[in-house]
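Below is one structure, written out as structure tokens; the observations come after it.
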Amino acid sequence: MLVRVVGAGVCHTDLIVRDQLYPTPLPAVLGHEGAGVVEEVGADVSSVDPGDHVVLSFDSDGTCPSCRDGHPAFCADFFAHNFGGARPEDGSSPISQEGDEISGRFFGQSSFATHAVATDRNVVPVEKDVPLEALGPLGCGIQTGAGGVINSLSPDPGSSIAIFGAGSVGLSAVMAAELTGCTEIVSVDLVDGRLESAREFGATETVNPDDADDVVGAVRELTGGVDYALETTGVPDVAEQATDVLTQRGTLGIVGAPALGTRASYDVNDLILNGRSITGIVEGDADPQGFIPDLIELYRDGKFPFDELITYYDFEEIERAVEDSENGDTIKPVLRIGDA
Ligand SMILES: [Zn+2]
Ligand SMILES: [Zn+2]
């Protein structure tokens, strides 16, 4: 289908591809948090009609065991469908520059554009009474943080959790931790302003590693060790700290992606003797078709104010939007691309 893009969020994954930590061939049209209005549909499209409002999310093949089990974020063909820069079916791209095809269909969309080509698998129809321009980040960053807590870690009420990084993923995770009834929520970040935001969204404690000699000791002193931890920064040293703050039978979820090939280490006996678990999480292990409407429902009820993370930019200001997110001034930039 052809989708006229109204808004598109800027996500860390766009930047690691720009920097070629992930090998999508360049030049490419990036952008993978689009929201827009369906303009045209092909003969085999069944989920939407022209005029429908949609959120664009990640793509998957729909046929592998993970997809069939309802876990499309762990699609066996995830890389080709989201980072390949082309239609996995025939290697073609819907985008060309001066007659030569360039990488498109990034995350099944390439939504830093006025129009995106997407499929039934990666568009989610949404109601028209919610602000469409705000919804794009639900397709990746917000879904990643909220789903990492709700779907993957799935804490029991009364649990403790430490969330490393207070960007859009980490703060969405803080909101989700409060929603699931965690009573001790520790946010760890180097930017004091972000820690203040974390407190507004439900963090009960904050730690700035610049102020603490020993981050692990500081978190353990506050909590006695946490039941859950979520690592959103993609920094291997932080992943190690996030392992060390766990209490007995605690679980760490890792969502922050470093360069391909990056390794982190842990004390094997600490893992064994404490019964700790470490789990990797893509896209919050969400099935966007169900999870994004659920998040919108929580937003409507005032329980998931993800729109407060957003700062809007005109499409022409894309470079400034990226700079502001890289230097920490903006938590979630969203580009205004077309009229709703
Ligand atoms: Zn699959
Ligand atoms: Zn993303």
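Note that ligands are numbered from 1 as they come in the structure, with each ligand's atoms numbered from 1 the same way. What you see is a predicted model; the values in this text were computed from it and never measured.
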Please say which of Phe107, Phe74, Tyr22 ends up in a ring pair (Phe, Tyr, Trp, His ring centres under 6.0 Å) with Phe79. Tyr22
Looking only at atom types and distance, does a side-chain atom of Glu317 sit under 3.5 Å from a main-chain N or O of Asp314, one as donor and one as acceptor? yes
In this structure, the Zn ion (ligand 1) sits at the vertex of an angle between SG of Cys64 and OD1 of Asp61 that rounds to 10° as 120°
From Asp77, does some N, O or S atom reach closer than 2.8 Å to the Zn ion (ligand 1)? no
Between the side chain of Ser57 and the main-chain N/O of Gly139, is any donor-acceptor distance below 3.5 Å? yes
Heavy-atom donor-acceptor pair, Arg4 side chain to Asp339 backbone, under 3.5 Å: yes
Check for a donor-acceptor pair, side chain of Asp52 on one end and backbone N or O of Asp49 on the other, with a separation under 3.5 Å. yes
Side-chain ion pair, Asp324 and Arg320, N-O less than 4.0 Å: yes
Would one find more than 12 heavy atoms of other residues, nucleotides or ligands at under 6.0 Å from atom CG of Asp44? no
Restricting to distances shorter than 2.8 Å, give the number of protein N, O or S atoms close to the Zn ion (ligand 2). 3
Look at the N, O or S atoms of Cys75, main chain and side chain alike, and state whether any lies under 2.8 Å from the Zn ion (ligand 1). yes
